[in-house]
Amino acid sequence: MSGKLLIFSAPSGAGKTTIVKRILEKLSHQVSFSISASTREPRVNEVDGKDYYFISKEDFLHRVAKHEFVEFEEVYAGTFYGTLRAEVERIWNEGKHVIFDIDVIGGLRLKSKFPEQSLAIFVNPPSLEVLKERLAGRGTDSPEKLQERFAKAELELSYANQFDVILENNRLEEACAEAERLVKAFIEE
Ligand code: 5GP
């Protein structure tokens, strides 16, 4: 079967990963996470094949040449992220819908490839200042990387109105509940 695509995009630090994880807990029998391929280094708590398929740049570009990606992006200079066609098909073949935690450009690209089947949600952080505090508070990125993430976040905020829904993330609990409601309504359509 060909299921639906539940696309969550936002600047990094807006809280989308937490929201996506919550939906996965609540709707695990209907929805499964699209594990992206990435060329970045795993963070301390990340597991290969669970959070990402961590692959070399050489392997990534080889797969690009073989048209294995539904979409891919050089999200940060020299660092690639992409959604493998085989990953989406694996989940659909399990009879589930696919949920994506993906950057804004990638999210819009997916939506344009599967317009009827997609619900594209933009997670809006309370403000750019809060976003910057959250990113810095993670303590996982170098000052240069942080600067790059801030700059990208500002650009990404300008794409919000191209999404089906803008989900305000002022209070995480409320945002999670609203996301769950939106997803349930869309997959039951
Ligand atoms: P992080 O390095 O913080 O895990 O992710 C950086 C950004 O890349 C986030 O906005 C994340 O959602 C995005 N991302 C993760 N996987 C993909 C993907 O497969 N394609 C695209 N275009 N972006 C992705």
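Since this is a predicted model, take the numbers as computed values, not measurements. What you see below is based on every heavy atom in this structure, not just the backbone, and it leaves out hydrogens, waters and symmetry mates. Numbering of ligands and ligand atoms starts at 1, following listing order.
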Between [X] and [Y], does at least one N-O distance fall below 4.0 Å, as a salt bridge requires?
| X | Y | result |
| --- | --- | --- |
| Arg90 | Glu94 | yes |
| Glu129 | Lys132 | no |
| Arg171 | Glu173 | no |
| Glu180 | Lys184 | yes |
| Glu89 | Arg85 | no |

What protein heavy atom sits nearest [atom], and how far off is it?
| atom | value |
| --- | --- |
| atom 11 (C) of ligand 1 | Asp101 OD1, 3.8 Å |
| atom 2 (O) of ligand 1 | Tyr81 OH, 2.5 Å |
| atom 13 (C) of ligand 1 | Asp103 N, 3.5 Å |
| atom 21 (C) of ligand 1 | Ile102 CG1, 3.3 Å |
| atom 9 (C) of ligand 1 | Lys16 NZ, 3.7 Å |
| atom 4 (O) of ligand 1 | Tyr52 OH, 2.5 Å |
| atom 20 (N) of ligand 1 | Glu71 OE2, 2.7 Å |

Measure [X] to ligand 1 on non-hydrogen atoms and call it side chain, backbone, both or neither using the 4.0 Å cut-off.
| X | value |
| --- | --- |
| Arg40 | side chain |
| Val75 | side chain |
| Arg149 | side chain |
| Phe100 | neither |

Subject >> Glu46, any N or O under 3.5 Å of ligand 1 N or O >> reply: no

Original post:
Less than 3.5 Å between some nitrogen or oxygen of Glu73 and one of ligand 1, yes or no?
Top reply: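 Such a contact does not occur with ligand 1.
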
**OP:** Let me see the working for Phe186 and Asp164 under side chain to side chain contact (heavy atoms under 4.5 Å, CB included), right down to the final yes or no.
**Re:** CA-CA 11 Å; Phe186 185 71; Asp164 297 319; over 6 Å; no

Using a strict cut-off of 4.0 Å, indicate which atoms of ligand 1 neighbour a heavy atom of [X].
| X | result |
| --- | --- |
| Gly106 | 22 (N) |
| Ser36 | 16 (N), 17 (C), 18 (C), 19 (O) |
| Thr83 | 19 (O) |

Check the hydrophobic clustering (I, L, V, M, F, W, Y; side-chain heavy atoms under 4.5 Å; chains of links allowed) and say if [X] and [Y] are grouped together.
| X | Y | answer |
| --- | --- | --- |
| Phe114 | Leu108 | no |
| Ile166 | Ile102 | no |
| Leu6 | Val88 | no |

Can [X] be said to touch ligand 1, with heavy atoms closer than 4.0 Å?
| X | result |
| --- | --- |
| Phe8 | no |
| Arg43 | yes |
| Phe72 | no |
| Glu156 | no |

**OP:** Please answer whether the main-chain N or O of Phe54 pairs with a side-chain N or O of Asp48 as donor and acceptor at a distance below 3.5 Å.
**Re:**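 Yes; judged by distance alone, with no hydrogens or angles, the pair exists.
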
**OP:** Report yes or no: does Lys16 contribute a side-chain atom to a donor-acceptor pair with the main-chain N or O of Ala10 at less than 3.5 Å?
**Re:**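 It does hold such a pair.
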
Original post:
Between the side chains of Ser34 and Glu87, does any donor sit under 3.5 Å from an acceptor?
Top reply: no

